[in-house]
Participant: 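Here it is, the structure, as structure tokens.
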Protein chains: 2
Amino acid sequence: MASASRWHAVAQVLAALLRRPDATRAEIARELGLTSGFATELTARMRELRLITEVRAPVHGRGRPTTVLAPHPEGPVVLAVELRHADYAVSVATVDGRLHGTRRRPHRQRRPEAVVQALRRTVGRARDRYGHRLRAVSIAVAATVHDGRVVQASTLGWGEVDLTAVLQDPPAGVRDLAFLVGNDATLAGVAEARTGAATGAGTALHLIVEVGIGGCLTVDGFPLTGAHGAAGEYGHLPFGSRGRRCPCGARGCWDLDVDGRALARHLGEPSPADPYGYAVEVLRRAADDVRARRAVGAVARALAGGIAGLVNVHDPGVVTLGGLGPAIRLGAAEAFARAYADGLIAYRRVAPPPVVDAAHAEWGPLRGAAIVGLDRALGEEFLGAWAAR
Amino acid sequence: MASASRWHAVAQVLAALLRRPDATRAEIARELGLTSGFATELTARMRELRLITEVRAPVHGRGRPTTVLAPHPEGPVVLAVELRHADYAVSVATVDGRLHGTRRRPHRQRRPEAVVQALRRTVGRARDRYGHRLRAVSIAVAATVHDGRVVQASTLGWGEVDLTAVLQDPPAGVRDLAFLVGNDATLAGVAEARTGAATGAGTALHLIVEVGIGGCLTVDGFPLTGAHGAAGEYGHLPFGSRGRRCPCGARGCWDLDVDGRALARHLGEPSPADPYGYAVEVLRRAADDVRARRAVGAVARALAGGIAGLVNVHDPGVVTLGGLGPAIRLGAAEAFARAYADGLIAYRRVAPPPVVDAAHAEWGPLRGAAIVGLDRALGEEFLGAWAAR
DNA sequence: ATGATTATCCTCGTGACACGAGCATAATCC
DNA sequence: GGATTATGCTCGTGTCACGAGGATAATCAT
């Protein structure tokens with residue numbers, strides 16, 4: 001309990017605003033079932049708290065004009081970060097979910113210490129600029145994350161890395177600065193579920209093919225993170241041939257059947273050093289090279305068959321496909337469709353969930369990081385700290 | 001909103017009581033962080049509402065004695081039903097989650113109409129006896145459930161069956177009688193997560209081997225039901241050999257590698273008409289029959305390998321094993337353990353989630369049905385209707 | 001232009017919810 | 001039998017949210 005309801009209404013309004021930016025006060029009141037009187041009081045309180053401002057809304061028909069809810073110029077912000085193989089992206093998110101000042105920069109060095117150092121400076125600048133307005137630092141990283149720590153990042157060539165070092169500060173000042181670390185595919189799934197191709201889907205499955213395959217199951221826009229936040233390693237389901245050993249240590253991992261390594265195998269070529277780039281190359285060639293096309297077909301079947309199995313298990317309303325997924329499917333549309341239908345339990349074939357391309361492309365993880373950061377920063381517990389600042 | 005907080009505290013107390021029956025008022029107040037004053041007021045209100053009674057608690061040390069919260073003798077109840085191949089079970093659950101008058105009866109006939117008819121009478125008797133006290137009818141059924149309807153029940157020999165017919169009543173009277181239908185394995189998973197071997201686990205995976213394999217992933221005691229309530233068909237993940245066609249229409253389903261049919265295949269015998277009974281028989285023989293033991297070993301490996309893959313994906317805190325699962329593991333403990341470890345991503349081998357036997361055995365589904373029924377009946381929305389009766 | 005219509009905003013009275021402080025009560029411990 | 005401890009009870013206070021009724025600002029119709 002502990003004044004559970006204290007920030008409930010405020011948090012609801014902020015969540016609604018995050019779902020669709022530029023909502024008007026009247027729209028939100030309708031959506032949440034607020035009386036106009038309460039809406040008045042609530043928005044006034046939120047203005048007072050420097051959470052939002054209200055500006056006159058463009059008029060659409062009869063009736064007294066309402067206002068659009070917008071982020072307060074001195075309102076809370078979240079620093080979203082994405083960490084990839086060759087570069088990192090940074091952005092500042094406001095309460096409406098919009099990203100500001102987004103930029104991507106190559107790593108100067110890829111050593112963990114150097115990257116952490118660069119991020120530490122970035123965070124430091126953000127704290128200098130935003131002060132107490134900065135409520136959360138949320139990092140999406142192309143790595144396995146376990147209990148908030150990176151345990152392995154093969155594309156980055158990292159082992160265990162503790163990213164909390166990017167905060168550096170005396171713990172006292174960090175009391176109300178949340179720090180979140182999440183897997184990039186997981187966060188891309190969140191982005192799809194909230195503002196992408198799976199918006200409104202209830203249960204949605206997002207899968208992303210890069211080197212191997214990662215993903216995320218979301219329920220009402222929230223990711224299943226598991227006991228240690230390490231859920232989503234879809235590539236290590238044993239959908240493949242038992243005979244193949246995966247670098248992860250297990251056998252028959254799906255990973256090995258759906259990416260550049262699989263394409264090389266089908267083409268009788270040696271396993272590529274850069275499976276992603278190799279896959280892009282083969283996919284391009286497939287347009288007029290029969291052998292490449294055939295290899296893509298085999299991979300498309302492996303991909304679709306696995307997706308069908310996951311649909312059997314999770315019963316998602318929609319499946320979104322990121323990374324190389326759309327290209328693989330496009331390169332062998334018929335094979336993909338047939339393998340998908342073939343892998344479904346008979347009765348699911350009547351109305352199988354659509355498999356659609358992801359909407360956010362390469363910005364999914366960054367956007368997802370922003371969203372979960374805002375979820376935290378605008379949650380009921382954290383609003384108390386904001387008001388007390 | 002709509003008076004969102006109105007029943008919040010009451011629902012919290014009831015949820016706490018469901019988590020551990022016989023909790024004292026003081027314990028619950030501590031757990032929920034209530035002040036003693038508010039606890040007094042709240043319990044008084046709940047007594048008034050005929051939700052609970054309070055009886056003097058046995059004294060354990062110094063201090064003023066407190067009271068134990070118990071179901072009110074005229075309080076709400078839920079009718080829980082389990083529907084299986086050969087029989088059905090019925091029980092009445094009170095707000096503390098206890099089951100009363102539990103009994104199991106063989107079907108007189110297995111035709112859907114006959115079973116529905118029998119259940120309709122059972123529900124009718126319960127309504128006569130409990131009147132408005134009956135708040136929900138919650139059915140666990142050994143079948144695929146889609147949008148609240150049975151679409152397929154191979155063990156029962158049913159196709160599509162609409163179980164809402166067990167209610168029969170004029171819709172007017174049913175306004176505040178909830179009707180829930182769920183898959184038996186899903187509900188067994190709920191029971192394990194709430195009051196069984198996975199209590200307190202956050203994310204937990206329950207798997208049950210009977211004919212094929214079903215299961216459920218729970219998060220904080222709530223099952224992932226998917227977009228249509230049809231999640232949990234773990235047996236139809238393509239973990240097996242692509243060459244084997246499953247009766248479900250897909251290929252390589254895990255189902256075919258972990259039950260009596262798999263044992264028969266390994267023993268070179270024809271596929272059994274009753275895979276469950278056949279498996280029980282083989283498992284018994286395995287004690288002194290080397291060939292049977294070897295077959296069990298193969299099945300144990302297939303089971304453990306699949307579980308490892310699912311652990312990779314879902315990152316559960318614990319895996320619970322029901323049905324024939326414990327016996328299969330016991331019959332080939334070493335093979336199981338090795339295959340489990342082998343199938344995990346390397347870093348997960350450091351502290352893999354324990355795989356434990358389910359606690360509820362054959363009563364899991366019934367108990368799970370009771371729990372989800374109570375969740376509904378004691379939820380914030382439904383309490384309003386109870387107070388207004 | 002002017003009134004009708006419509007949608008929204010604002011004010012105010014009311015009641016429920018929950019906290020906190022202080023006191024009362026009932027057990028054990030010494 | 002008093003000290004200690006844990007809990008229950010009473011009461012004053014502040015916050016939350018509803019509902020009714022009136023005010024306001026736009027479009028629509030004539």
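Lettering follows sequence order; numbering is per chain, from 1.
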Participant: Return all side-chain donor-acceptor pairs below 3.5 angstrom for residues 366-376 of chain A, not counting sequence neighbours, or 'none' if the list is empty.
Facilitator:
| from | atom 1 | to | atom 2 | distance (Å) |
| --- | --- | --- | --- | --- |
| A/Arg367 | NH1 | A/Gly97 | O | 3.4 |
| A/Asp375 | OD1 | A/Arg194 | NH1 | 3.3 |
| A/Asp375 | OD2 | A/Arg194 | NH2 | 2.6 |

Participant: Between B/Gly37 and A/Ala39, which residue's closest nucleotide on DNA chain C lies nearer the 5′ terminus?
Facilitator: A/Ala39
Participant: Angle between the two end axes of the helix from C/dA1-D/dT30 to C/dC30-D/dG1, five base pairs per end, rounded to 10 degrees?
Facilitator: 10°
Participant: In whole angstrom, what separates B/Glu41's CD from C/dC19's P?
Facilitator: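 So the CD-P distance, B/Glu41 to C/dC19, works out to 10 Å.
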Participant: Would you kindly give the CG-to-P distance between B/Leu32 and C/dC19, to the nearest whole Å?
Facilitator: 10 Å
Participant: Could you give the CG-to-C1' distance, from A/Leu42 to D/dA17, as a whole number of Å?
Facilitator: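 To the nearest whole Å, that distance equals 10 Å.
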Participant: Can you give one letter per nucleotide of nucleotides 23-28 of chain D, going 5' to 3': B for a protein heavy atom under 4.0 Å from the base, S for sugar-phosphate only, - for none?
Facilitator: BBBBBS
Participant: Can you tell me how far C1' of C/dG15 sits from CZ of B/Arg6, to the nearest Å?
Facilitator: 9 Å
Participant: Less than 4.0 angstrom from a charged side-chain N to a carboxylate O is my criterion; do A/Glu380 and A/Arg6 meet it?
Facilitator: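 Looking at A/Arg6 together with A/Glu380, the answer is no, because their closest N to O distance does not fall below 4.0 Å.
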Participant: Of all residues at least two apart in sequence or in a different chain, which pass the salt bridge (Lys or Arg N to Asp or Glu O under 4.0 Å) check with A/Arg19?
Facilitator: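 For A/Arg19, the residues satisfying salt bridge (Lys or Arg N to Asp or Glu O under 4.0 Å) (neighbours in sequence not counted) are A/Glu31.
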Participant: Side-chain N or O of A/Arg30 less than 4.0 angstrom from OP1 or OP2 on C/dT8?
Facilitator: yes
Participant: Kindly determine whether B/Thr164 and B/Val181 satisfy side-chain contact (heavy atoms from CB on, under 4.5 Å), including the steps that lead there.
Facilitator: CA-CA 9 Å; B/Thr164 55; B/Val181 181; over 6 Å; no
Participant: Taking atom P of C/dA16 as reference, at what distance in whole Å does atom CZ of B/Phe38 sit?
Facilitator: 14 Å
Participant: What do the steps show when you test A/Arg133 against A/Arg50 for side-chain contact (heavy atoms from CB on, under 4.5 Å), and what is the final call?
Facilitator: CA-CA 10 Å; A/Arg133 290 180 59 198; A/Arg50 307 187 181 213; over 6 Å; no
Participant: Do B/Ser36 and D/dC9 share a donor-acceptor pair, side chain to base, under 3.5 Å?
Facilitator: yes
Participant: Roughly, in whole Å, what's the span from CD in A/Glu27 to P in C/dC9?
Facilitator: 11 Å
Participant: Checking all strands, does B/Thr40 fall into the base, sugar-phosphate, or nothing category for heavy-atom contacts under 4.0 angstrom?
Facilitator: base
Participant: So which nucleotide from D/dC16, C/dT8, C/dA16 ends up closest to the side chain of A/Thr66?
Facilitator: C/dT8
Participant: Could you work out, with salt bridge (Lys or Arg N to Asp or Glu O under 4.0 Å) as the rule, every residue matching B/Arg98, not counting sequence neighbours?
Facilitator: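 Scan of B/Arg98 (salt bridge (Lys or Arg N to Asp or Glu O under 4.0 Å), adjacent residues dropped) gives B/Asp22, B/Asp96.
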Participant: Can you list everything that forms a side chain to side chain donor-acceptor pair (under 3.5 Å) with B/Thr199? Sequence neighbours excluded, please.
Facilitator: none
Participant: To the nearest angstrom, how far is B/His8 atom NE2 from D/dC16 atom C1'?
Facilitator: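 Atom-to-atom, B/His8 to D/dC16, this comes out as 14 Å.
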Participant: Return the value, rounded to whole Å, for the distance between atom CG of A/Leu34 and atom P of C/dC9.
Facilitator: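 Result: 11 Å.
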Participant: Would you compute the distance between atom CG of A/Leu17 and atom CD1 of A/Ile28 and round it to the nearest 0.5 angstrom?
Facilitator: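 Separation between the atoms: 5.0 Å.
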Participant: Give the nucleotide from the list D/dA17, C/dA18, D/dG19 with an atom nearest to the side chain of B/Arg45.
Facilitator: C/dA18
Participant: How long is the straight-line distance from CZ of B/Arg47 back to CD1 of B/Ile52, given to the nearest 0.5 Å?
Facilitator: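 So the CD1 of B/Ile52 and the CZ of B/Arg47 are separated by 6.5 Å.
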